[in-house]
Amino acid sequence: MSKDFPLSHSQLKELVKTYPTPFYLYDEKGIRDNLHYFKNAFSIFPEFREYFAVKALPNPYILKILEDEGCGGDCSSLPELMLCESAGISGNRVMFTSNDTPAEEFQYAYKHGDIINLDDITHIEYLKQTLGGRLPDTICFRYNPGPLKEGGNAIIGKPEEAKYGLTRDQIIAAYAQCKKEGVKHFGLHTMVASNELNPDFFVDTANIIFDLMIELQQKDGVRIEFVDLGGGVGIPYKPGQKKVDLDYVAKKIRTLYDEKIVPAGLDPLAICFECGRPITGPYGWLVTTAIHEKHIYRDYIGVDASMADLMRPGMYGAYHEITVSGKENAEKNRCYDVTGSLCENCDKFAVQRELPEIEIGDILIIHDAGAHGRAMGYNYNGKLRCGELLLRTDGTILPIRRKETIEDYFATLDFEGLKDFKVKA
Ligand SMILES: *Cc1c(COP(=O)(O)O)cnc(C)c1O
């Protein structure tokens, strides 16, 4: 069975007449339905919050839909904080999980009442100085469990090799210090996975976090009011992979909650996630047209999108399913590398992929591109990134980002000054 796409072949052919490829298409209904599933699974907790990882799909229209569904935003830069603000996400619905953070970004977050999630013990003093000698009422710390936590993959690596978070000893000292300095509310954060499909991984993470919470309470009387289990919930990019059963994850974590949190007197505790990928990933597609084919030692299909639009395959060999519009049920009797136009041999959306025979002009749909897709793009080689379209729940199409222009690409250069620039003495 081929992967879902919300438009029929004839609808798509109509659409590309108005909006030439390449473009991203996002499905509002898919995103909303999926969020209902997510929220419903975790409704067995006294409080559940999802802080959407803005970096996955930093578009204010999408953020507004997520806001309408009750989501907050997880940010790690000033522009991301500003995007949340523009979509009506503010105050404690913003989690500022940054690292190597400049002072002015902390100041902005503090001024807007965002939750500040610190990445290191030295950042307590840094933050204090930045804010003129005080600390916020609420502070969260990012915990790095190090070798306590097995796992990791190409994207995030092993926890003990990851640059993020505080060690166990540091985190205990950090809360004690903040408590002494009058901080009133505490959260505890960890993120040790990326694109993880094993549901037990998240249960295990909650277990480690719950134990640490109890230790913090017993040692220093620190009461954690919310735990943020991070992002990292994977999606089934490849055929045959299974999506993470969130009902299972929620129930298992609830069991641990009843066994550990309730008897310790730490109930009610808010359970938070800052997922990006599973929220929008499967509901975004990169739509592109075959414009060239060549046959050398391999057979190549060249498309009008490039790695500038979607880097994941080139950057970490990520798999994205590709379907050919109108040929969903055709026999896959060809083997192609599907390439973009960058002068980098890794600019391939698929390598040695079995696909139906592709003709010039065929429209290719690259699946699961709704998170870390357009956002990761870049302008290397003078490539201009494509625009974004939103399929509304009523079936209409709304452009939510235009394509880049050559003027955009040149915007940071001063051609006026170039006239007076003398290269000879
Ligand atoms: C990237 C990131 C996320 C989101 O990860 P997904 O895999 O998209 O769910 C969440 N939190 C932090 C701190 C991140 O860096």
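Both ligands and their constituent atoms are indexed starting at 1 by order of listing.
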Closest non-hydrogen protein atom to [atom], residue and atom name please, with distance?
atom                    : answer
atom 9 (O) of ligand 1  : G276 N, 2.8 Å
atom 5 (O) of ligand 1  : M191 CE, 3.7 Å
atom 15 (O) of ligand 1 : K55 NZ, 2.6 Å

Contacting atoms of ligand 1, where contact means under 4.0 angstrom from a heavy atom of [X]:
X    : answer
A53  : 3 (C), 4 (C), 10 (C)
R142 : 13 (C)
T97  : 13 (C)

Does the cation-pi check pass for [X] over [Y], that is, NZ or CZ under 6.0 Å from the six-membered ring centre and within 45° of its axis?
X    : Y    : value
R353 : Y319 : yes
R374 : Y26  : no
K243 : Y37  : yes

Ring centroids only, cut at 6.0 angstrom: are F48 and F38 within range, meaning strictly under it? yes

So does [X] have more than 12 non-hydrogen atoms from other groups sitting under 6.0 Å from [atom1]?
X    : atom1 : answer
H292 : NE2   : no
L413 : CG    : yes
E354 : CD    : no

Is it true that D258 and R254 have a side-chain N and a carboxylate O under 4.0 angstrom from each other? yes

Below 4.0 Å, non-hydrogen atoms only: which portion of E274 touches ligand 1? Side chain, backbone, both or neither. both

Do any nitrogen or oxygen atoms of G232 come within less than 3.5 Å of a nitrogen or oxygen of ligand 1? yes

Got an N/O contact under 3.5 Å between S194 and ligand 1? no

When you measure from the heavy atoms of [X] to every atom of ligand 1, does any distance fall below 4.0 Å?
X    : value
C275 : yes
N195 : no
A371 : no

